[in-house]
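Every number for a ligand or one of its atoms is a count from 1 in the order of the listing.
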Amino acid sequence: MRAASELTEERSAAPGLGFPTLAGPATSPLGWPGIDAVSRETVIEDAEPRPPATADEPEAFAQVPEVVTPTARTGATEDDRIPTTTVPPAPADRGDTTPEEHPTPVDDDVAERAQIAAAMPGADHHTPLAAAVAEDARKRITLAGRSVPRPDRTRVLTVANQKGGVGKTTTTVNIAAALAQAGSTVLVIDLDPQGNASTALGIEHHAEVPSVYDVLVEGTAIADVVQTCPDIARLWCVPATIDLAGAEIELVSLVARETRLEKAVHAFVDEREAAGERIDYVLIDCPPSLGLLTVNAFVAASEVFIPIQCEYYALEGLSQLLKNIELIRNHLNKKLHVSTILLTMYDGRTRLSAQVADEVREHFPDQTLRASVPRSVRISEAPSHGQTVMTYDPNSSGALSYLEAAVELAERGVATRRTSEESA
Ligand code: ADP
Ligand code: MG
């Protein structure tokens, strides 16, 4: 066992953020001592949770406080509340967005909100509390009345990163909840024996409950094991129970062991489509390993969604993940690609978070979402109440960030499809 001081020395000596295996020498030494002097505990949390949304008010938009919403929504029809125009995100303080990148909004209110948001102060690391409050206000303003396009065919995303504790499960359930609240139909497949996604969605998953184990090992149809999320309409979940812990080994001797989840997902999606209820998104929450369960998820999906924690060594092992994705693409699923990267547990008060974020954006400029998720106590509290932060505290900075990320994910899917159709 090595002493902590030895490890610290080793870290200080490591160049940059552990990128060398990916793209040559990294650029920035990290200066651990200075960073360690700053507490990483987030102190900024919003006021009391708002009451739940009313039946005629979509939850995703109900969370925006009336005080910052120029359009009175009371009595509005569904179409009034969800305009077909989209608001361009306000330029972030990073300066990496330009007005030309976004379409000009045609709706006056929407344009006005974009202007107000653009005029908000950017993050100032000398006054982190004020910056965080300003950032939340900017998000509320830009997200108000924002339309969330539904894809015209089912998007299957595998949320993967072989590191544990980077926010895979948190990202899966909150993005799924945000998309469902905004009107999409979403299926979450919990593929981690710990069953954390099932817990966070308030889904029963004790040992006797039919689960994804039955789907993978027994060949049971997803329709026979799927449950609906009690808090959010249009959000479904295939739970994981402790049985799944043995599935890695049991799968080894089964026929078509890598494609069992894919078959089940496609059968379910087709069946729902035939019944007139298209599933817009399937999000698969992977375990922190690259075994047969994760391979099944990669074969079932066409997109990989990688959450990256804004911490030291965040990118360690990422090259292994990318190599595995390449292997799957070459042998089992040529559609598979990394479509989305989300920076999680971002702490605006540390230079470390900003450095990790900058390096990730530099290496994956097209995949990394502009939205990032801050470290937030509300996000980590929500699962113990069997909820996502989207219902537990929809007005919190964590919920706003996940909503922002979900909107971006949805819009990018539509934009990517248009581009590929045009070039076809
Ligand atoms: P993974 O699925 O990759 O193992 P989790 O999503 O379970 O990671 O997250 C690991 C831990 O970090 C959990 O306790 C979770 O509540 C917490 N967590 C995740 N995202 C955040 C965040 N943005 N702020 C605070 N805590 C977070
Ligand atoms: Mg997990």
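- The atoms of ligand 1 that sit less than 4.0 Å from any heavy atom of Ser380 are 16 (O), 26 (N).
- Closest to atom 9 (O) of ligand 1, if we only count protein heavy atoms, is Thr170 OG1, 3.6 Å.
- Side-chain atoms of His206 and Glu208 include a donor-acceptor pair closer than 3.5 Å.
- Scanning the protein for heavy atoms near atom 4 (O) of ligand 1, the closest one is Gly165 N, 2.7 Å.
- With 2.8 Å as the limit, Thr170 does not count as an N, O or S neighbour of the Mg ion (ligand 2).
- For atom 15 (C) of ligand 1, the nearest protein heavy atom lies closer than 4.0 Å.
- Selection from Ser376, Cys310, Gly398 by nearest heavy atom to atom 24 (N) of ligand 1 gives Ser376.
- Among protein heavy atoms, atom 18 (N) of ligand 1 sits closest to Met345 CE, 3.9 Å.
- Between the side chains of Glu250 and Tyr213, at least one donor-acceptor pair of N or O atoms lies under 3.5 Å.
- Within the 4.0 angstrom cut-off, atom 11 (C) of ligand 1 has no protein heavy-atom neighbours.
- The backbone N or O of Ser396 sits nowhere less than 3.5 Å from a side-chain atom of Arg378 that would complete a donor-acceptor pair.
- Ser401 places a side-chain N or O within donor-acceptor distance of the main-chain N or O of Ser397, the cut-off being under 3.5 Å.
- Only the side chain of Val373 comes within contact range of ligand 1, with a heavy atom under 4.0 Å; no backbone atom does.
- Between the side chain of Thr154 and the backbone N or O of Ile279 there is at least one donor-acceptor pair closer than 3.5 Å.
- Distances from atom 23 (N) of ligand 1 to the heavy atoms of Pro374, Ala160, Pro288 show the closest one on Pro374.
- The protein heavy atom nearest to atom 8 (O) of ligand 1 is Gly167 N, 3.0 Å.
- Among protein heavy atoms, atom 7 (O) of ligand 1 sits closest to Thr169 CB, 4.0 Å.
- Close N/O approach between Lys163 and ligand 1 is not found [any backbone or side-chain N/O within under 3.5 Å].
- Tested against Glu303, the residues Arg412, Arg155, Lys335 include a single salt bridge (Lys or Arg N to Asp or Glu O under 4.0 Å) partner, Arg155.
- Atoms CD1 and CG, on Ile175 and Leu342 in that order, are 6.0 Å from each other to the nearest 0.5 Å.
- Residues Arg272 and Glu277 are paired through a salt bridge, judged by an N-O separation under 4.0 Å between the basic side chain and the carboxylate.
- Less than 4.0 angstrom separates some heavy atom of Val166 from each of these atoms of ligand 1: 1 (P), 3 (O), 8 (O).
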Problem set entry | Step-by-step salt bridge (charged side-chain N to carboxylate O under 4.0 Å, His left out) determination, Arg329 to Glu326 | CA-CA 5 Å; Arg329 194 172 35 229; Glu326 191 60 35; 2.3 Å; yes
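- A salt bridge is defined here as a Lys NZ or Arg NE, NH1 or NH2 lying under 4.0 Å from an Asp or Glu carboxylate O, and Glu311 with Arg375 meets this definition.
- For a threshold of 3.5 Å applied to N or O pairs, the pair formed by Gly164 and ligand 1 contains no separation below that value.
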